[in-house]
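Have a look at the structure below before the remarks.
Just so it is clear, the structure is predicted and the values come from calculations on it, not from any experiment.
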Amino acid sequence: MRAIARNGYHGCRISDIAEEAGVSHGLVYHYFASKDEILETIFRENWGVVAVAIGQIAETDGNAIEEVRKIVSLMLHSWGRDPEVVRVLVREIARSPQLQERIGDFQPGFDALTRVIERGQRAGEIDPALDPRVATFAVWGMIDEVLTAWVLGRLPTEQQNVDAAEATVTALVRRALTA
């Protein structure tokens, strides 16, 4: 992951990955058939944990706006936990429709957020006139753009900046979704 985060997927060679891992070139091929498989594994191992966490938040049956805030917080604070993972996910996977199609694992996170929005609409917390799927993509888009700005160095990334980004995105989402 560090080699891909540093060099980008297309600029990274198997030998770079082997060197970073401290193993031989051949050993990498013993475990992975291709660089694509390495990228898919990075995605599955990291996104899977996030998707499960989003699903758990969605199943708490609490206040929908608070659950959306928790999802925003989880996603934005992932930068502080492991910026290299975020770099790879944002730069390489989120921008690759072919890889997304092969992996298909983004959907559970989107579906969980949609369930939260729909439940909030039924409870009168979220505007019932909103299309829940479009609202899901709009919320996700805000999260993705902030993460992308950090990856590209367009926003400061210190902890206080991450906290401020969470507060800002949460406030925008609350105003946009509230009935």
Cluster link Leu39 to Tyr29, ILVMFWY, side chain under 4.5 Å: yes

Spacing of CZ belonging to Arg133 relative to CD1 belonging to Ile117, to within rounding of 0.5 Å: 9.5 Å

Atom pair CG (Leu76) and CG (Asp144), whose distance is rounded to the nearest 0.5 Å: 10.5 Å

Does any part of the side chain of Ile17, heavy atoms only, come nearer than 4.5 Å to the side chain of Cys12, both counted from C-beta? yes

So if you build clusters from Ile, Leu, Val, Met, Phe, Trp, Tyr with side-chain heavy-atom gaps below 4.5 Å, do Val134 and Phe110 land together? no

Do Ile42 and Val85 have side chains that get closer than 4.5 Å, going by heavy atoms? no

Min side-chain heavy-atom separation Val90-Leu152 under 4.5 Å: no

Nearest heavy-atom approach of Glu37 to Ala33 is OE1-N, 3.0 Å

Without swapping roles, check the side chain of Tyr9 against the backbone of Asp36 for a donor-acceptor pair under 3.5 Å. yes

Do any N or O atoms from the side chain of Glu67 and from the backbone of Gly62 form a donor-acceptor pair under 3.5 angstrom? yes

Roughly how far apart are Met75 CE and Met142 CE, rounded to 0.5 Å? 13.5 Å

Using a 6.0 Å cut-off, check whether atom CZ of Arg81 has over 12 heavy atoms from anything other than its own residue. yes

Between the side chain of Arg174 and the main-chain N/O of Val68, is any donor-acceptor distance below 3.5 Å? no

Nearest 0.5 Å please: distance from the CD1 atom of Ile65 over to the CZ atom of Arg175. 12.5 Å

Of all the heavy-atom pairs spanning Arg115 and Ala58, show the shortest one and how long it is. NH2-CB, 4.2 Å

Would the distance check show the side chain of Glu20 and the main-chain N or O of Ala3 forming a donor-acceptor pair, the cut-off being under 3.5 Å? no

Shortest non-hydrogen pair, Pro156 vs Trp150, comes out as O-NE1, 3.1 Å

Ser73 side, atom OG; Glu166 side, atom CD - distance, nearest 0.5 Å: 3.5 Å

Quick one, Asp163 and His77 - any side-chain contact, counting heavy atoms below 4.5 Å? yes

What one should report as the nearest heavy-atom pair of Thr136 and Thr114 is OG1-OG1, 2.7 Å

For the CG atom of Asp16 and the NZ atom of Lys35, what is their distance to the nearest 0.5 Å? 8.5 Å

Do Thr168 and Val146 come within less than 4.5 Å of each other through their side chains, counting heavy atoms only? no

Taking the side chain as everything from C-beta on, heavy atoms only, tell me whether Leu89 gets closer than 4.5 Å to Leu147. no

Sole candidate of Ile71, Val116, Val169, Val173 that passes side-chain contact (heavy atoms from CB on, under 4.5 Å) when paired with Val139: Val173

State, to 0.1 Å, how close Pro132 and Gln121 come at their nearest heavy-atom pair, and which atoms those are. CG-OE1, 3.4 Å

Leu113 reachable from Leu172 in the ILVMFWY side-chain graph, under 4.5 Å edges: yes

Going only through I, L, V, M, F, W and Y residues with side-chain contacts under 4.5 Å, is there a path from Val52 to Trp140? no

Are the side chains of Ile14 and Phe32 in touch, meaning some heavy atoms are under 4.5 Å apart? no

Any ion pair linking Glu66 and Arg69 (charged N to carboxylate O, less than 4.0 Å)? yes

Kindly give the heavy-atom pair with the smallest separation between Leu130 and Ala176, and that separation in Å. CD1-O, 3.7 Å

Would the distance check show the side chain of Arg119 and the main-chain N or O of Glu59 forming a donor-acceptor pair, the cut-off being under 3.5 Å? no

Same cluster for Tyr31 and Met1 if Ile/Leu/Val/Met/Phe/Trp/Tyr side chains link at under 4.5 Å? yes

